[in-house]
Asks: 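Provided herewith is a single structure, encoded as structure tokens, for subsequent inquiry.
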Amino acid sequence: MGRNPVTWLGSPTFPHAASIALADTQLRGNLAHATSTIRTKRAAAVAELPDWERLRLAGEAIKDDVLSRLDVYLQQLEASVTARGGVVHWARDADEANEIVLGLVRDAGAREVVKVKSMATAEIGLNEALEAGGVTAIETDLAELIVQLGDDRPSHILVPAIHRNRSEIRDIFRRTMPHAAGVSDRPAELAEAARTHLRRKFLSAKVAISGANFAVADTGSVVVVESEGNGRMCLTLPETLITVMGIEKLVPTWQDLEVFLQLLPRSSTAERMNPYTSVWSGVTPGDGPRAFHLVLLDNGRTATLADRVGRQALRCIRCSACLNVCPVYERTGGQAYGSVYPGPIGAILTPQLGAGSGDPETDALLRSLPFASSLCGACYEVCPVRIDIPEVLVHLRGKAVEAKGPYTPEAVAMAAASWVMASPVRFRLAQRLASAARFLARRGRIKRLPWPASKWTDSRDVPAPPAESFSAWWRRTRG
């Protein structure tokens, strides 16, 4: 496939990728404008509900119940889908899922498929696998189409082309769409160009591929929410519909689904409800696709479930609220994370799903991601299912440090700090020595220190220490 599941093969570690992104002023401007706008709208939408915190608690409880009885709910879902004329396939990893989907497309006699925006298919590199098998996949979500036509990588869960402005999108359309040579950067014209480009694809496609926001175990219903109507076209017009879904996307009942249909739109698009909520249960003669296939994807989820701290990442409903409040994401963008799951949730989900990849570059990226955070906690405050992302980040950082062995620079530094702090005399001497570092400061900040402290100052400044420590001041004034 030329690509490792979950991560982009060959992506640099986060510190290296972030340093490159920080130098891109256009990128930072695009991100700052977009994320601040989404944050403001989301806050207003959430404030309308007096029971928002109770909804968050309900979402957390439902998801934890699903994870604690995942085997039972998955079997119930399979039976329900099968009873309604659908076919369920089980995929242990990306290769198996891609093989299943490619086989189904070939069985349908299709050389081209239309796609609804799907994180799961991006995770497994499905488009690349289909291309290698002689099948062309057409992304129909506007932002995903922009990324695809620009031969680019997505940088946001909800808005994959958030790093592009209107002028850049106009140039991509002019370059890749024959009928769009004169299109301007006005949003209406860009949307019309995309609509014209896609309409013929919708009407001619035999096969559509989707992800799933949710699946209801007791009825076998699959749910996709979207804002453009492209999903509705994909889900109803083709003869064959193939859905690739992570095994954690379940909810037990319709009553449980109600909770998430309130949490998701407000957290993602800052809307009271999504413009298009599509629900289907198997197949119905004379209405919609003639064949429905549901591919249930593991791809590291079972291994993640075994981690009592890390498993809460599987509650994620892919709303992207954590990205929009993260100061790190806002300055680096999603591509710096080297994964289809960027931002805070990507920093805890990707290392778990991709653990043990066997590729040294990928493993180095995975180890770096839990450190891609300031631990400010804003992500936890906005998460609609109350994933304690800072807790998982610290947990994964601990595992990364332990994996390095006992004689790493960090371990030596911590041992030295422990020795210093174990003695009041040594601690006071260290404080006096540290205060001398203020002479290295310029305008109250130390921008560069010699090795090994340079590992810190390469990516952040150090506040200048005061001339007198608090304990010294206390002894002088209160002694």
Side-chain angles (χ1 to χ4, degrees), residues 8 26-27 29-39 41-42 113-123 126-127 137-177 180 183 185-199 201-202 208-213 224-235 264-265 267-271 274-276 278 317-324 329-330 333-337 339-343 345-346:
W8 290 305
Q26 180 66 66
L27 172 69
N30 294 349
L31 289 169
H33 172 72
T35 55
S36 63
T37 299
I38 296 172
R39 282 198 304 270
K41 290 182 177 180
R42 176 203 168 276
V113 301
V114 289
K115 286 187 66 200
V116 187
K117 180 177 180 295
S118 163
M119 300 300 296
T121 60
E123 174 188 323
L126 178 61
N127 286 10
I138 307 298
E139 297 289 352
T140 65
D141 173 85
L142 178 57
E144 288 285 357
L145 178 65
I146 292 165
V147 169
Q148 185 178 48
L149 294 179
D151 194 22
D152 200 355
R153 293 175 173 177
S155 61
H156 194 277
I157 289 176
L158 177 67
V159 195
I162 195 172
H163 58 292
R164 297 289 193 183
N165 60 30
R166 290 185 296 171
S167 297
E168 292 171 315
I169 296 169
R170 174 202 61 203
D171 294 342
I172 291 172
F173 280 12
R174 286 179 175 179
R175 187 171 63 250
T176 58
M177 295 181 182
V183 70
D185 65 356
R186 293 178 58 247
E189 287 192 35
L190 294 172
E192 182 59 32
R195 184 180 295 112
T196 301
H197 174 76
L198 290 172
R199 185 54 59 98
K201 305 295 184 182
F202 289 135
I209 299 174
S210 82
N213 292 102
V224 165
V225 297
E226 41 104 6
S227 301
E228 300 172 17
N230 64 296
R232 184 68 59 83
M233 300 284 280
C234 290
L235 299 169
L264 180 57
S267 296
S268 57
T269 56
E271 296 170 301
N274 292 95
Y276 296 89
S278 299
I317 59 174
R318 310 293 193 266
C319 71
S320 76
C322 62
L323 281 69
N324 300 323
Y329 173 86
E330 184 177 321
Q335 293 181 353
Y337 293 81
S339 167
V340 296
Y341 300 115
I345 187 60

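These values consider heavy atoms only, across backbone and side chains, with no hydrogens, waters or symmetry-generated copies.
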Asks: Can you confirm whether Leu142 sits close enough to Leu190 that some side-chain heavy atom of one is under 4.5 Å from a side-chain heavy atom of the other?
Replies: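 A side-chain contact is absent here, since even the closest heavy-atom pair is not under 4.5 Å.
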Asks: Output the distance between atom OG1 (Thr35) and atom CD1 (Ile162), rounded to the nearest 0.5 Å.
Replies: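 Between atom OG1 of Thr35 and atom CD1 of Ile162 there are 6.0 Å.
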Asks: Could you tell me the separation between the CG atom of Leu198 and the CG atom of Asn230, rounded to the nearest 0.5 Å?
Replies: 7.5 Å
Asks: Could you go through the side-chain contact (heavy atoms from CB on, under 4.5 Å) check for Thr121 and Ile209 one step at a time?
Replies: CA-CA 9 Å; Thr121 60; Ile209 299 174; 4.2 Å; yes
Asks: Side chains of Arg318 and Tyr341: closer than 4.5 Å at any heavy-atom pair?
Replies: yes
Asks: Please check this pair: side chain of Asn30 against backbone of His163, looking for a donor-acceptor N/O pair closer than 3.5 Å.
Replies: yes
Asks: Does the pair Arg39/Glu330 count as a salt bridge with the N-to-O cut at 4.0 Å?
Replies: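 Salt bridge flag = yes for Glu330 with Arg39.
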Asks: Nearest 0.5 angstrom please: Arg42 CZ to Thr37 OG1, how far?
Replies: 15.0 Å
Asks: Find the distance between CG (Asn165) and CG (Asp185) and round it off to the nearest 0.5 Å.
Replies: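 Result: 8.5 Å between the selected atoms.
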Asks: For the side chain of Ser339 and the backbone of Pro342, is there at least one donor-acceptor N/O pair under 3.5 Å apart?
Replies: no
Asks: Got Leu235 and Val224 here, is their nearest side-chain heavy-atom distance under 4.5 Å?
Replies: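 Yes - at least one pair of side-chain heavy atoms lies under 4.5 Å apart.
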Asks: Output yes when a side-chain donor or acceptor of Asp141 lies under 3.5 Å from a complementary backbone atom of Ala143, and no otherwise.
Replies: yes
Asks: Hey, is CZ on Arg199 packed in by over 12 heavy atoms from elsewhere, all under 6.0 Å?
Replies: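 Counting neighbours around CZ of Arg199, 12 or fewer heavy atoms of other residues, nucleotides or ligands fall under 6.0 Å, so no.
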Asks: What residue among Gln148, Lys201, Lys115 forms side chain to side chain donor-acceptor pair (under 3.5 Å) with Glu139?
Replies: Lys115
Asks: So does Val183 get a backbone contact from the side chain of Arg174, meaning a donor-acceptor N/O pair under 3.5 Å?
Replies: yes
Asks: If every non-hydrogen atom of Val114 is compared with every non-hydrogen atom of Cys234, which pair is closest and at what distance?
Replies: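 Minimum heavy-atom separation between Val114 and Cys234: CG2-SG, 3.8 Å.
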Asks: Distance check, rounded to the nearest 0.5 Å: Arg164 atom CZ versus Asp171 atom CG?
Replies: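 Nearest 0.5 Å value for the CZ-CG distance: 9.5 Å.
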Asks: Report the residues that fulfil ring pair (Phe, Tyr, Trp, His ring centres under 6.0 Å) with His156, sequence neighbours left out, ordered by chain and then residue number.
Replies: Tyr329
Asks: Using salt bridge (charged side-chain N to carboxylate O under 4.0 Å, His left out) as the criterion, list what pairs up with Glu226, not counting sequence neighbours.
Replies: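 Testing Glu226 for salt bridge (charged side-chain N to carboxylate O under 4.0 Å, His left out), a comparison that skips the adjacent residues, returns none.
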Asks: Strictly distance-based, threshold 3.5 Å: is any side-chain N or O of Glu189 a donor or acceptor partner for the main-chain N or O of Arg186?
Replies: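 Looks like no, no N/O pair under 3.5 Å.
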Asks: Okay, side chain of Ser267, backbone of Leu264: is any donor-acceptor separation there less than 3.5 Å?
Replies: no
Asks: Would you compute the distance between atom NZ of Lys117 and atom CD of Glu144 and round it to the nearest 0.5 angstrom?
Replies: 5.5 Å
Asks: Using side-chain contact (heavy atoms from CB on, under 4.5 Å), reason through Thr140 and Leu145 one step at a time and then give a plain yes or no.
Replies: CA-CA 6 Å; Thr140 65; Leu145 178 65; over 6 Å; no
Asks: Decide yes or no on side-chain contact (heavy atoms from CB on, under 4.5 Å) for Tyr276 and Ser227, but give the supporting numbers first.
Replies: CA-CA 6 Å; Tyr276 296 89; Ser227 301; 5.8 Å; no
Asks: For Val225, does its backbone N or O pair with a side-chain atom of Asn274 as donor and acceptor, under 3.5 Å?
Replies: no
